[in-house]
Every structure is written in C-alpha cells, then in structure tokens.
J.: 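Just passing along the structure, written as structure tokens.
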Amino acid sequence: MKIFVASLPFEIDDSELKGFFEPFGEVSSAKVIVDKATGRSRGFGFVDMPDEGMAKAAIAQLDGADVDGRTIVVKESEKQ
DNA sequence: TATGAGCGA
C-alpha cells in the first residue's frame with residue numbers, strides 16, 4: 001500500500017522517514033521528495049508497505065503525530 | 001511545507 005506523508009520537517013530524509021514506519025511493519029520503500037531545481041525538501045514524501053493491515057495501522061498511529069514540533073499528515077496515496 | 005523520481009541492479 002502506498003502512503004503519502006505531508007507536513008514533514010525539512011530536516012527529514014529517506015532513512016528517517018522509513019524509520020517512522022518500520023516499527024509498524026515491513027517498509028519496502030520510503031522517499032522524501034526534494035525539489036530537484038532547488039535541492040530543498042518539498043516537505044512531503046511517500047512510503048510503501050507491502051502489508052495493507054500494517055500500512056493502515058501505521059497511518060492510524062502516525063497521522064497527526066508530532067515530529068520535531070510539527071504535526072505531520074499521513075494518509076493513503078491518491079494515485080497508484 | 002500537501003501526491004514523486006528513477007536509467008542501474
């Protein structure tokens with residue numbers, strides 16, 4: 001299941017993003033989107049978890065979580 | 001800060 005994560009702190013990178021989801025189950029991939037024109041984080045990213053149940057559990061636990069003083073948004077991706 | 005990038009293993 002593909003997961004969309006928004007409102008991420010700019011300091012977050014792929015490894016840290018993956019670290020947030022790993023406690024809930026296997027994470028097949030995690031990527032923080034970076035503006036290739038400026039090289040800065042866009043403040044959102046994607047995580048893919050093969051197990052839907054684990055993915056939904058992760059979403060439920062991480063959506064609205066406070067990270068570095070910022071409330072992140074975690075939801076199922078809109079696109080495949 | 002709100003839906004992507006990848007050309008190599």
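Scope of the values below: all heavy atoms of this structure, side chains included, with no hydrogens, waters or symmetry mates. From a predicted model like this one, the values you see are computed outputs, not experimental measurements. The chains referred to below are lettered A, B, ... by the order of the sequence lines, with proteins before strands, and numbering in each begins at 1.
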J.: Starting from P on B:dA5, measure out to NZ on A:Lys31 and report it in whole angstrom.
T.: 9 Å
J.: If you find the nucleotide of DNA chain B closest to A:Leu8 and the one closest to A:Lys36, which residue's nucleotide is nearer the 5' end?
T.: A:Leu8
J.: Checking A:Glu16 side chain against A:Asp13 main chain: does a donor-acceptor pair fall under 3.5 Å?
T.: yes
J.: Take the protein atom CG of A:Asp48 and the nucleotide atom C1' of B:dA5, then report the distance between them rounded to whole Å.
T.: 14 Å
J.: Would you tell me whether A:Ser29 and A:Asp48 have side-chain atoms, one donor and one acceptor, within less than 3.5 Å of each other?
T.: no
J.: Can you figure out which of B:dT3, B:dA5, B:dA2 approaches the side chain of A:Phe46 most closely?
T.: B:dT3
J.: Could you tell me the separation between the NZ atom of A:Lys2 and the C1' atom of B:dA5, rounded to a whole number of Å?
T.: 10 Å
J.: Whole-Å distance between B:dT3 C1' and A:Leu17 CG?
T.: 14 Å
J.: Provide, to the nearest angstrom, the distance between the CD1 atom belonging to A:Ile3 and the C1' atom belonging to B:dA2.
T.: 16 Å
J.: Measure from CD1 on A:Ile59 to C1' on B:dT3 and round the result to the nearest Å.
T.: 13 Å
J.: What's in the same ILVMFWY side-chain cluster as A:Phe46, cut-off under 4.5 Å, chained through other members?
T.: A:Phe4, A:Ile33, A:Phe44
J.: Rounded to whole Å, how long is the line connecting atom CG of A:Asp14 with atom P of B:dG6?
T.: 12 Å
J.: With the six-membered base ring of B:dA2 as reference, does the ring of A:Phe4 sit under 5.5 Å away with planes under 30° apart?
T.: no
J.: Looking only at the side chain of A:Lys75 (C-beta and beyond, no hydrogens), which of the listed nucleotides B:dT3, B:dG4, B:dA2 gets closest?
T.: B:dT3
J.: For the pair made of CD1 in A:Ile33 and C1' in B:dG4, what is the distance, rounded to whole Å?
T.: 3 Å
J.: Tell me the ring pair (Phe, Tyr, Trp, His ring centres under 6.0 Å) pairs involving residues 18-40 of chain A, sequence neighbours left out?
T.: none
